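Taking it in order: structure first as C-alpha cells, then the write-up.
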Amino acid sequence: MTASTPMKLASHAAPAPPSFGVEAVRADFPILDQKIHGHPLAFLDNAASSQRPRAVIDEIARFDSNDYANIHRGVHELSQRATKAYEDARDKVQRFINARSRKEIILVRGTTEAINLVASSFGRPALHLGDEVVLTTMEHHSNIVPWQMVCRERGAVLRVVEINDRGELDLDHLEKLLGPRTKLLTLVHVSNALGTINPAKEIVAMAHARGIPVLLDGAQAVPHMRIDVQDLDCDFYAFSSHKMFGPTGVGVLYGKEKLLDTMPPYQGGGDMISVVTFEKTFYNALPAKFEAGTPNITGVVGLGAAIDYLEQLDWDGAMAHEYELLRYGTERLAEIPEVTMVGTAAAKASVMSFLIEGIHPHDVGTILDRHGVAVRAGHHCAQPVMQRFAIPATTRASLAFYNNRDDVDALVRAVRDTIEVFK
Ligand code: PMP
C-alpha cells in the first residue's frame, strides 16, 4: 500500500485474518503493560500522541549518556558524534518518505511549526490583496489559524472546501474553488477528528493542473500508511514525530527543493547563516537555512530511532492488522443503538469518533478512563468539523498497530457500561 492507494475500510467483506504478531509487538512498548484503575490499559488515544517502543527509549538514553553535545561546527569528538547522529536521522527521514534530497527535509518542532513555516516563508511573499488559500472543513486548527493570520496580514482570503455527511471531501467543490487567485491548496491527508483518508495524489494532480502548489498535513497519515512524497508529488508535507512512535518536540517539513530555495528563512539566528555582518547576512544553504538555533538534538535522534523501528516492522502486516481492528471496532460500536459514529468515510484510518445519545463526550471519556480505556473527548482541535455536524464534541478512540482486540473489546464493554450508568 502506498500513499496513493490507501486501503479502504471494507465494512462488509471479511478480510483474511492478519498474520501480524501483535502480541510480540506490544512487548516492544513497555508502557502498555500496566493496569489503570485496576483494569489492563487499553490505550486508544494514539491520534493525540502514540507511545514509544523500547528501542526509542533506549536510544535516547544511550545517546544522552554517551554522545550528547551541541551539533555542527564543534571540533571535539562528542560534537562530531552528535552531529553525525542528527544528520543520520535526517537521512532516515528522507528515505522513509522517499524525498529526492536530504536538503528537502527541514527538522522542526512538529506539524504546527512546519505549517507555520510554510505560511510565513511561502505564504507571506506569495499572497497579495484578493489572493486565495484553499483549505478544507476538516482541517486541524494548526492548518487553519496560520493561514488566517497570514491572509489577514496580506489581504488574502480563505476558501473552504465542504465535506459530506460521511466526512468525505466534496471533490467537485474543491475543483470549483481552485481558481486563478488560488496561491496554495492546503489540506489534511488523514483527518484527526474523522479518520477520513483524503485522495491526496488525485487532489495534488488536480491542483497542479492549474499550477497551484499543495501542502499536505500528514500528522495522522504517517503512522498509518506508507508515505512517498515523490509519488504524491505534493509540494510540502508536514508531520510530527510524537504521532509516529518518536519523541515530542520534533517534526518534519518536507518541501520541494526548488520551492524551499526561493523562500526566505523562517527565523533568524545561529546555524541558518553563512556570513553575518551588520551590513548584510548571507543565508546558509538548505536545509540549514530553515533551522535557526540549537534544535531538539536528542529528539531528532529519537525520531531516527523510531524510523529504524518502523523499518524493521512487518509494515504491511501491521497496517492490515490495524485496518482489520478498525473494521472490527466500528462494527462492534455500530451494534450499540445509542452510539452514532461521526465520520463514516469509505476510506478511513485509525479513528472511531462517536456520540452516545444523551451523554456528553467528556462524561464518556471520564467513565471510560475508570475502565482503563484511554480515549479523547472534545473538539479534537477541529472545531469546524464539529460545527459542520452541529455537535459540541465527540469521544474519539484512535488505534495504532500495537492495539489488539482486547483493547477494542474493553472499549465496547466500557461504552455499554457508560450507557447503563446513565440509564
Ligand atoms: N494536524 C493534525 C491532523 C493533527 O492531528 C495534529 C495533532 N493533533 C496536528 C496537525 C498538530 O500536530 P502537533 O501538535 O504535533 O504540531
Side-chain angles (χ1 to χ4, degrees), residues 3 6 43-52 93 106-120 135-149 160-161 163 167-169 185-198 200 203 214-225 227 232 234 236-254 266 295-296 299-300 302-303 306 342-343 345 347-353 365 374-386 388 393-400:
F43 187 78
L44 296 171
D45 192 21
N46 294 287
S49 202
S50 54
Q51 300 296 348
R52 301 114 171 82
V93 173
I106 312 300
L107 297 165
V108 291
R109 244 180 347 108
T111 307
T112 302
E113 187 174 41
I115 295 171
N116 275 278
L117 192 163
V118 179
S120 173
L135 42 67
T136 84
T137 305
M138 67 172 90
E139 299 313 312
H140 187 279
H141 296 161
S142 63
N143 199 26
I144 300 174
V145 183
W147 299 110
Q148 252 167 355
M149 289 162 68
V160 185
V161 182
I163 59 176
E168 295 165 322
L169 280 185
L185 167 63
T186 181
L187 79 157
V188 72
H189 193 173
V190 173
S191 156
N192 69 310
L194 301 165
T196 309
I197 303 174
N198 288 319
I203 292 172
V214 182
L215 162 64
L216 292 175
D217 168 357
Q220 299 292 344
V222 173
H224 306 293
M225 62 180 69
I227 300 303
L232 286 166
C234 54
F236 301 104
Y237 199 94
F239 56 102
S240 299
S241 153
H242 71 96
K243 294 186 198 282
M244 53 175 293
F245 319 102
T248 54
V250 178
V252 176
L253 174 68
Y254 158 81
Y266 172 50
N296 184 348
V300 167
L303 168 61
V342 180
K348 274 188 72 173
S350 170
V351 169
M352 291 174 277
S353 240
V375 295
R376 191 142 295 241
H379 53 60
H380 317 296
C381 296
Q383 286 184 18
V385 172
M386 303 298 130
R388 164 64 177 76
T394 71
T395 305
R396 181 188 69 187
S398 52
L399 301 163

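Both counts, for ligands and for their atoms, begin at 1 and track the order of listing. Given the structure is predicted, the values throughout are model-derived calculations rather than measurements.
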**Fill in**
ligand 1 to T112, heavy atom cutoff 4.0 Å, flagged ligand atoms 11 (C), 12 (O), 13 (P), 14 (O), 16 (O)

**Option of least heavy-atom distance to atom 12 (O) of ligand 1 (set: V250, V190, T248, T111)** = T111

**Prompt:** For ligand 1, which atoms sit closer than 4.0 Å to a heavy atom of Q220?
**Reply:** 3 (C), 4 (C), 5 (O)

**Request:** For the pair T137 (side chain) and V161 (backbone), establish whether a donor and an acceptor sit closer than 3.5 Å, ignoring hydrogens and angles.
**Result:** yes

**Shortest non-hydrogen contact from V188 toward N198** = O-ND2, 2.7 Å

**Message:** Quick check: closest heavy atoms across V385 and M138, and the distance to 0.1 Å?
**Reply:** CG2-CA, 3.5 Å

**Message:** Suppose I only count heavy atoms of S142 and a 4.0 Å limit; which atoms of ligand 1 are within that range?
**Reply:** 1 (N), 9 (C), 10 (C), 11 (C)

**Message:** Tell me if a side-chain donor or acceptor on K243 pairs with a main-chain N or O of N46 at a distance below 3.5 Å.
**Reply:** no

**Request:** Classify the ring geometry between Y237 and H189 as parallel (under 30°), tilted (30 to 60°) or perpendicular (over 60°).
**Result:** perpendicular

**Request:** Just let me know how K243 lines up against ligand 1, side chain, backbone, both or neither, with a heavy-atom cut-off below 4.0 Å.
**Result:** side chain

**Asked** Do you know which two heavy atoms are closest between S191 and V351, and how far apart they sit?
**Response** O-CG2, 4.2 Å

**Request:** Please could you name the atoms of ligand 1 that N192 approaches to less than 4.0 Å, counting only its heavy atoms?
**Result:** 5 (O)

**Request:** Give the numbers and elements of all ligand 1 atoms closer than 4.0 Å to a heavy atom of V188.
**Result:** 3 (C)

**Item:** N143, L187, V351, D217: member with heavy atom nearest to atom 2 (C) of ligand 1
**Value:** D217

**Fill in**
Here the atoms of ligand 1 under 4.0 Å from any heavy atom belonging to S240 are 12 (O), 13 (P), 15 (O), 16 (O)

**Asked** Who's the nearest protein heavy-atom neighbour of atom 4 (C) of ligand 1, and how far?
**Response** H140 CD2, 3.4 Å

**Message:** Would you say S350 and S398 are linked by a side-chain donor-acceptor pair, where the criterion is simply a distance under 3.5 Å?
**Reply:** no

**Request:** Flag yes if more than 12 heavy atoms outside R388 fall under 6.0 Å of its CZ atom; otherwise flag no.
**Result:** yes

**Prompt:** Using heavy atoms and a threshold below 4.0 Å, how should the contact between H242 and ligand 1 be classified: side chain, backbone, both, or neither?
**Reply:** side chain

